[in-house]
Participant: 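Quick one: the structure is below, questions incoming.
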Amino acid sequence: MQPRLQKLHECFTQTHQSEYSKDMEYSPADLEAKWQAYWQTHKKYEVRELEESSTKPKYYALDMFPYPSGAGLHVGHPLGYIASDVVARYKRHSGYNVLHPMGFDAFGLPAEQYAIDTGQHPAITTAQNIETYKKQLKKIGFSYDWAREVITAEPSYYKWTQWIFMQLFQAWYNQDAQKAEPIASLIAIFEQEGNKNVRAAHNEQTPVFSAQDWASFDEAQKAMLLLNYRLTYLAEAVVNWCPALGSVLANDEVKDGFSERGGHPVERKKMKQWMMRLTAYAERLLEGLNHIDWSDALKDIQRNWIGKSLGAELAFKVEHNNLELTVFTTRIDTIFGVTFISVAPESELISQLTAPAQAQQVADYVQKAKNRSERERQADVKTVSGAFLGTYAINPFTGEQVPIWVADYVLSGYGTGVVMGVPAADERDHRFAKHFGLPIRCIIEGTEDLANPTEKKTGCLINSGFLNGLHQTEAIQKAVDFIQKKGLGQGKINYKLRDAVFGRQRYWGEPIPVYYKNGAPFLLDEASLPLVLPEIDQFKPTESGEPPLARAKSWEHQGQYAYEHTTMPGWAGSSWYFLRYMDAHNQNTFVSKKKADYWGQVDLYMGGAEHATGHLLYSRFWNLVLFDLGYLSHAEPFKKLINQGMIQGRSSLVYKRRDADIFVSYKLRQADTANDYQELHVDVSLVSNDLLNVEAFKKWRPEYESAEFVLDNGKFECNWQVEKMSKRWYNVVNPDDVIARYGADALRLYEMFLGPLEYSKPWDTSGIDGVSRFLRKLWRSCIGREGECLVAEAEATEKENKILHTLIKRVREDLDRFSFNTVVSSYMIALNELNALECKNKMVFEQFLILLSPFAPHIAEELWQRLGHSESILDEPFPIFEAKYLAESGFEYPVSINGKMRASIWLANGVSAEEAQIKTLALEKVQAWLDGKALKKCIFVPNKIINLVI
RNA sequence: GCCCAGGUGGUGGAAUUGGUAGACACGCAGGACUUAAAAUCCUGUGGCUGAAUAAGCCGUACGGGUUCGAUUCCCGUCCUAGGCACCA
C-alpha cells in the first residue's frame with residue numbers, strides 16, 4: 001500500500017475492530033482470508049469434465065484475460081470479472097458444471113520497452129507482474145480454476161500457438177467448398193492441371209502455370225508459388241510501419257495515423273511480411289454474426305470493419321491503346337453521369353496511360369502523392385489534387401470519351417484502384433470535378449437546380465438512356481444485366497477488410513516456426529516445437545535495422561538455415577487461449593477433440609468493446625480455420641458476449657489563485673469573479689465527500705506547506721469531474737485499498753450496484769458505505785453481540801415467505817437478463833423488510849444466503865457455517881420461486897383522472913369493470929374531481945390501473 | 001460527414017410488454033444514543049406556490065405527434081460518448 005494511504009488505513013481499521021472480538025463483529029479481513037484458504041485447500045473451484053452418464057449440463061463463463069501491466073489492477077479492471085463470477089456461481093448453484101478459468105496475455109510491448117530501457121529480461125518483468133495480478137485477483141474471491149491457468153509466453157503454451165500457425169501455413173481456402181483445406185489437395189490439383197481453374201483465395205499477382213510447368217519447378221520455386229495460396233503467407237505488402245516502436249502494426253493497432261500503444265506516428269511502407277489471409281473468411285465472419293448473441297453495437301463495429309459492399313466491376317476501354325481500365329462501383333446506375341476516370345497514384349498502369357506531353361507533370365504528381373505520409377493524407381482530406389494523364393477512356397454505355405486522371409483520393413487497396421467519376425452523385429467526384437473544372441452531368445431527377453447535386457443521391461434517373469425513369473435498385477439490376485450480357489463486367493462484392501499483418505520486428509513474442517532455404521520459407525517439423533525464444537544480449541534491433549532476433553548467436557535450423565527473425569503479434573496467443581483452458585495440460589495436442597466437444601462454445605464471454613476489431617475478429621477467424629480443418633465442432637467461439645463499461649475516475653479539483661499561494665474552497669471560488677484561478681488535480685485519497693484533508697494535502701505537496709486555505713464554513717470543498725482513471729489525474733483507486741477497508745464482498749457488491757454492467761460510470765468511493773452497511777446489517781440480523789446465532793428453526797410466516805419469494809423471483813429474473821445492479825438493490829429491500837418484521841427464521845436466512853452467495857461468497861459461507869452447516873454453501877441448490885406465496889386477494893389500484901394519478905382504491909381479484917367503476921366513482925376524492933361533470937369514459941385494466949376520462 | 005448507443009433529482013441509478021416517475025443507495029438536513037467521537041437507529045429530502053405531514057401546479061434534454069394514458073412508440077432539433085472515415 002502506498003505510504004500516504006497507510007495512515008488513513010490504520011485509522012479506519014482501528015475503529016472497525018474496536019470493542020468486539022472477531023467472533024461477534026463482522027470482520028471481512030478475517031473471514032475472507034479464512035474462506036479463500038478453505039476454497040484453495042479443498043480445491044473447491046477445480047472443475048472436471050463429466051462422464052457422459054452425468055446429467056449436469058456444462059457452462060463456460062470466460063473473462064478476457066488481462067495483459068499484466070506493471071501498474072497492477074485498479075477498481076475498473078475487475079468489473080467484468082465480478083459479473084462473470086456472479087454468473088459462474090449462479091450457474092453452479094443451478095446445477096451446471098461450470099468452467100471458469102483465468103490466465104494471462106503475457107507477450108506484449110510494455111515489458112519489452114521496459115527491457116530496452118533497463119536491460120531487464122521481459123520474462124522477469126512479466127512474471128513479477130503476473131504475481132501481482134494474481135495476488136490482487138485472489139483477494140477478490142473469484143471462483144477461478146487456477147489449475148487451468150494459461151500464460152501465453154510460456155513455451156508449453158506457445159508451442160501450440162506455433163502449431164496452429166503451421167496448420168494455417170499448410171492450408172488453403174477452397175472457394176468452391178467455401179472452407180479451408182489441407183495444402184496437399186491444392187498440390188494435387190497443380191500436378192493435374194496447374195492453377196488455371198483453381199478457385200482459391202490467393203494473392204493478386206499469382207502467375208498462371210500448367211501441370212507441366214509445376215512439374216518443372218524446383219523446391220524453392222514451388223514453395224514460393226504455394227505462398228500465394230497459404231492461409232498464412234509471406235508477401236511484399238504496404239504495411240503500417242511505426243519507426244518509434246521499430247515494428248509494423250496491424251490495421252486495428254493504428255488509430256488516426258498513430259500507434260494505439262504509445263501514440264507514435266505510423267508510416268506506410270512496403271515490406272516483406274508474414275500475413276494472415278483474413279479476407280478469405282470475410283463473408284463467413286460477416287455471416288457468423290447472425291448466429292451469436294452479441295450486442296448490436298459490437299456486431300455493427302465488426303460489420304463496418306469487414307465493410308461489405310455490393311457493386312459491379314466493369315471495363316472501360318482506353319482510346320488508342322489496347323488497355324482496359326476496370327472500375328468498381330456500387331452505383332452502376334449512375335453510369336450515364338460519368339465525366340472522368342481517376343486512378344490511384346500507386347497504379348502500375350499510369351506510365352502506359354500517360355500521353356508523352358503530360359509525362360513530366362504526371363511523374364511529378366505521382367512522386368508527390370506517394371511521398372505524402374498516411375497522416376498527411378488523413379489530415380487534409382478536403383484538399384483536392386490530381387493530374388490529367390492526357391488520354392481518354394470510352395464509356396461502354398454511351399460510347400463517350402472521358403478523360404483519365406490520377407488522383408490521390410483513389411485508394412489503390414480498395415476495389416480495383418480505379419474510380420469512375422460521377423460528380424453529380426458522389427461528393428468526392430464532385431469536389432474533384434469542381435476543382436478541375438470538369439463537366440457535371442445530372443442524372444437524378446430533382447438535382448438539376450441544386451448547387452450541389454450530390455445532396456440528393458436517389459430518385460428517378462434522367463439523362464440516362466435506357467435507365468431513364470428507373471429507381472436505384474431496378475436501374476442497378478438492369479445495368480448489371482446489361483454489362484454481363486455484353487461481357488463488359490459483372491456484379492461484384494467488395495470488402496474493406498484487409499489481410500492481417502502477422503510479423504512483428506520485436507523480441508517479446510512467439511517465434512514463427514519457419515526457416516529459410518534458398519530464399520524460400522519452410523516449416524519446422526512438428527517434433528521440434530516449441531521453437532523457443534533465444535536469449536539475446538540486447539532487446540533492440542540490430543545496427544543494420546534487423547529485428548532483435550537477428551542478434552541471437554548460432555540460432556539456426558539444423559545449424560545452417562536461418563530462422564524467421566520476426567515474431568508473432570500480441571493477438572496470436574489470445575486468438576485461441578479459450579480453447580486451451582478446456583485441456584490446459586495436454587502434451588499431445590492443443591486441445592483434445594473430446595474436451596473441445598464437451599465444453600463447446602463459450603457460453604458467456606465478458607470483456608471490453610475495445611477488442612471489437614482485433615481480438616474478437618482474429619479469434620473468430622482462427623476458430624473458423626480450426627473448425628474447417630476438423631479440430632473443432634463449432635464455428636463460432638463465443639456464443640454470448642457482454643461488453644462491460646469502463647469505470648471512470650472521479651477526479652478531485654482544487655483552485656489556487658494565480659497571483660498568490662491561496663487556495664479557495666470551491667463554492668467561494670465560484671462566487672469570486674474578480675480573481676483568476678488555476679485548477680489543480682488532487683489525489684482522491686486525500687478527499688472524502690468532496691472535502692479536502694488540508695493537512696494531508698500539504699504533506700503530499702510540500703511546496704504548498706505555507707499556502708493559505710480559504711475555508712467555507714470551516715471546510716475546504718473540492719470540485720470534481722469524471723475522466724479516465726489514470727495516474728496522471730490522481731484518481732486511481734486500487735481494489736486492495738478498498739478491500740482492506742471494506743472487504744472483498746463489499747467491493748464485489750458495490751461494483752455490481754454502481755449501475756448497468758454495460759454502462760461506463762464513475763467510481764465514487766463514498767457510495768460503497770451503502771453496501772458495507774447492508775453487509776453489517778445482515779451480519780447483525782444473524783449474529784448477536786456475544787457472537788451467538790440469533791436465528792432459529794420455525795415455520796415461516798406468510799409475510800416472511802412473501803418477502804423471500806419476491807426476492808427469489810427478482811434475483812432469478814434479473815440474473816437471467818444480466819441486470820446485476822437491480823439484484824443488489826433487491827437484497828437490500830428484502831433485508832430491510834425482514835428486519836422490520838424482526839424476522840429470525842432460519843430457513844428464510846438460509847435461502848437468503850444462497851441467493852446472496854454469488855455476489856458475496858465470503859459472508860455467505862461464514863454465516864452459512866454459523867447457522868449450523870458443516871458443508872460449503874457453494875453447491876446448495878438455488879432457491880426455487882413459488883408463485884403461491886405471492887398470491888394476493890386483491891390489488892391496490894391507482895386511480896387516475898385524465899391520466900394523472902389522483903387516488904387509489906383496493907379491489908378484490910376478479911372484480912368486474914362495472915363494479916370497479918361504481919366503487920371508484922363513489923370515492924370522495926373522485927367526486928371532488930368530477931365536480932358534477934359527466935364521466936366520458938372509464939378504463940379498467942385488471943391489476944394495473946383505473947383511468948377516468950372527464 | 002456516416003453508423004451506433006445514450007440524455008431521468010445534488011450524485012450513481014430504478015421503472016422487464018405503454019399503466020402510481022424517482023425504487024435502492026450515496027450525499028445533505030434534523031433527531032435519538034454517547035462525556036465526546038465512531039458505529040448504530042429514526043425522520044425528512046425532484047422543483048415551485050404554501051404555515052402546513054392541506055391543496056395545487058410543473059417535471060424524464062428540447063419542440064411536435066399518436067393514445068384514455070408516453071421516461072417507454074413515431075417525427076424533428078440540440079447535446080454527450082463510442083465506432084468508421086477520401087472504401088467509389
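Computation of the quantities below employed the complete heavy-atom set of this structure, encompassing side-chain atoms and omitting hydrogens, waters and symmetry-equivalent molecules. Bear in mind that the values here come from a model prediction, so they are computed numbers and not experimental data.
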Participant: B:C26, B:G19, B:C86: which one has an atom nearest the side-chain heavy atoms of A:S766?
Facilitator: B:C26
Participant: With rounding to the closest Å, how many angstrom separate the C1' atoms on B:U45 and B:A23?
Facilitator: 15 Å
Participant: According to the Watson-Crick and G-U wobble definitions, with both distances under 3.5 Å, which nucleotide is paired to B:C2?
Facilitator: B:G83
Participant: Looking only at the side chain of A:S825 (C-beta and beyond, no hydrogens), which of the listed nucleotides B:A23, B:C28, B:G19 gets closest?
Facilitator: B:A23
Participant: Determine the contact category for A:E758: base if any of its heavy atoms lies under 4.0 Å from a base atom, sugar-phosphate if only primed atoms, P, OP1 or OP2 are that close, otherwise nothing.
Facilitator: nothing
Participant: Would you mind reading off the distance between A:F891 atom CZ and B:G19 atom C1', rounded to a whole angstrom?
Facilitator: 9 Å
Participant: Measure CD/A:E838 against P/B:C42 and give the value in whole Å, please.
Facilitator: 11 Å
Participant: Below the 4.0 Å mark, does B:C41 have OP1 or OP2 next to a side-chain nitrogen or oxygen of A:R780?
Facilitator: yes
Participant: Which glycosidic conformation, syn or anti, is assigned to B:G9 if syn requires a torsion within 90° of zero?
Facilitator: syn
Participant: If you look at every strand shown and take non-hydrogen atoms under 4.0 Å, does A:R498 touch a base, only sugar-phosphate, or nothing?
Facilitator: nothing
Participant: Are side-chain N/O atoms of A:S385 and A:Y365 paired as donor and acceptor at under 3.5 Å?
Facilitator: yes
Participant: Could you work out the separation of B:G63 and B:C58 based on their P atoms and round it to a whole Å?
Facilitator: 14 Å
Participant: In this structure, how many angstroms lie between the P atom of B:G56 and the CE atom of A:M901, rounded?
Facilitator: 12 Å
Participant: So, is A:N821 near the phosphate of B:A14, with a side-chain N or O under 4.0 Å from OP1 or OP2?
Facilitator: yes
Participant: Among side-chain atoms of A:S904 and A:E892, is any donor-acceptor pair under 3.5 angstrom?
Facilitator: yes
Participant: Starting at atom NZ of A:K724, determine the distance to atom C1' of B:A81, rounded to an integer number of angstrom.
Facilitator: 14 Å
Participant: Less than 3.5 Å apart, any donor N or O on the side chain of A:R776 or A:S772 sitting next to an acceptor on the other?
Facilitator: yes
Participant: Using atom CG of A:D296 as one end and atom P of B:G6 as the other, report the distance to the nearest whole Å.
Facilitator: 10 Å
Participant: May I ask you to decide whether A:E833 forms a salt bridge with A:K802, counting only side-chain N to carboxylate O separations under 4.0 Å?
Facilitator: no
Participant: Is A:N832 near enough to B:A25 that one of its side-chain N or O atoms lies under 4.0 angstrom from OP1 or OP2?
Facilitator: yes
Participant: Nearest to the side chain of A:T822 - B:A15, B:C24, B:C84?
Facilitator: B:A15
Participant: Looking only at atom P, what distance separates B:A25 and B:G76, rounded to whole Å?
Facilitator: 41 Å
Participant: Can you tell me if the side-chain N/O atoms of A:R785 get under 4.0 Å from OP1 or OP2 in B:A39?
Facilitator: no
Participant: Report the residue (A:G307 or A:K937) whose heavy-atom-nearest nucleotide on RNA chain B is the more 5′ of the two.
Facilitator: A:K937
Participant: Which nucleotide, in any strand shown, forms a Watson-Crick or G-U wobble pair with B:U11, with both distances under 3.5 Å?
Facilitator: B:A25
Participant: Take atom C1' in B:A37 and the same atom in B:U43, then report the distance between them in whole Å.
Facilitator: 23 Å
Participant: Would you measure the distance from the P atom in B:G83 across to the matching atom in B:C78 and give it in whole Å?
Facilitator: 23 Å
Participant: Among the candidates B:C4, B:U16, B:C28, find the nucleotide nearest to the side-chain atoms of A:R817.
Facilitator: B:U16
Participant: Taking atom types as modelled and ignoring hydrogens, do the side chains of A:N494 and A:S309 form a donor-acceptor contact shorter than 3.5 angstrom?
Facilitator: no
Participant: Is it true that atom CD of A:E838 has more than 12 heavy atoms of other residues, nucleotides or ligands lying nearer than 6.0 Å?
Facilitator: no
Participant: Which nucleotide, B:C68, B:G12, B:C24, lies nearest any side-chain atom of A:I939?
Facilitator: B:C68
Participant: Please confirm whether any donor atom in the side chain of A:N947 sits under 3.5 Å from an acceptor in the base of B:C68, or the reverse.
Facilitator: yes
Participant: Report which part of the nucleic acid A:V949 touches: base, sugar-phosphate, or nothing (heavy-atom distance under 4.0 Å, all strands).
Facilitator: sugar-phosphate
Participant: If we call it a pair only when both distances are under 3.5 Å in a Watson-Crick or G-U wobble match, what pairs with B:G46?
Facilitator: B:C58
Participant: Measuring only the P atom in each nucleotide, how far is B:G47 from B:G59? A whole number of Å is fine.
Facilitator: 16 Å
Participant: Roughly how many Å apart are B:C4 and B:C84, using the C1' atom of each and rounding to a whole number?
Facilitator: 10 Å
Participant: Figure out the CD1/P separation between A:I945 and B:U67, and round it to whole Å.
Facilitator: 18 Å
Participant: Between A:T613 and B:G83, is there a side-chain N or O to OP1/OP2 distance below 4.0 Å?
Facilitator: no
Participant: Output the rounded distance in Å from CZ (A:F940) to C1' (B:U20).
Facilitator: 16 Å
Participant: For A:S651 and A:N731, which I'm curious about, is there any donor-acceptor pair between the side chains at under 3.5 Å?
Facilitator: yes
Participant: Write down the distance between CD1 (A:I768) and C1' (B:U11), rounded to a whole number of angstrom.
Facilitator: 16 Å
Participant: Paired with B:A88 by Watson-Crick or G-U wobble geometry, both distances under 3.5 Å: which nucleotide is it?
Facilitator: none
Participant: Considering every strand shown, what is the Watson-Crick or G-U wobble mate of B:G19 when both distances are under 3.5 Å?
Facilitator: B:C68
Participant: Is any side-chain N of the basic residue among A:K715 and A:D712 closer than 4.0 Å to the acidic one's carboxylate O?
Facilitator: no
Participant: Check whether the ring centres of A:Y827 and A:F855 lie less than 6.0 Å apart, and answer yes or no.
Facilitator: yes
Participant: For B:A32, what is the paired nucleotide under Watson-Crick or G-U wobble rules, both distances under 3.5 Å?
Facilitator: B:U40
Participant: Hey, is the side chain of A:R773 poking within less than 4.0 Å of OP1 or OP2 on B:C26, counting only N and O atoms?
Facilitator: yes
Participant: Mind checking A:K936 for me? I need base, sugar-phosphate or nothing, with any heavy atom below 4.0 Å counting as a touch.
Facilitator: nothing
Participant: When the C1' atoms of B:A81 and B:G6 are considered, how many whole Å apart are they?
Facilitator: 8 Å
Participant: Which of these nucleotides, B:C86, B:U11, B:A88, is closest to any side-chain atom of A:S309?
Facilitator: B:A88
Participant: Establish, with yes or no, whether the OP1 or OP2 oxygen of B:U40 is under 4.0 angstrom from a side-chain nitrogen or oxygen of A:R776.
Facilitator: yes
Participant: Nearest to the A:K925 side chain among B:C84, B:A55, B:C86, which nucleotide is it?
Facilitator: B:A55
Participant: Between A:W929 and A:A609, who's closer to the 5' end of RNA chain B by nearest nucleotide?
Facilitator: A:W929
Participant: Of the options B:G13, B:A88, B:U16, whose atoms approach the side-chain atoms of A:K761 most closely?
Facilitator: B:G13
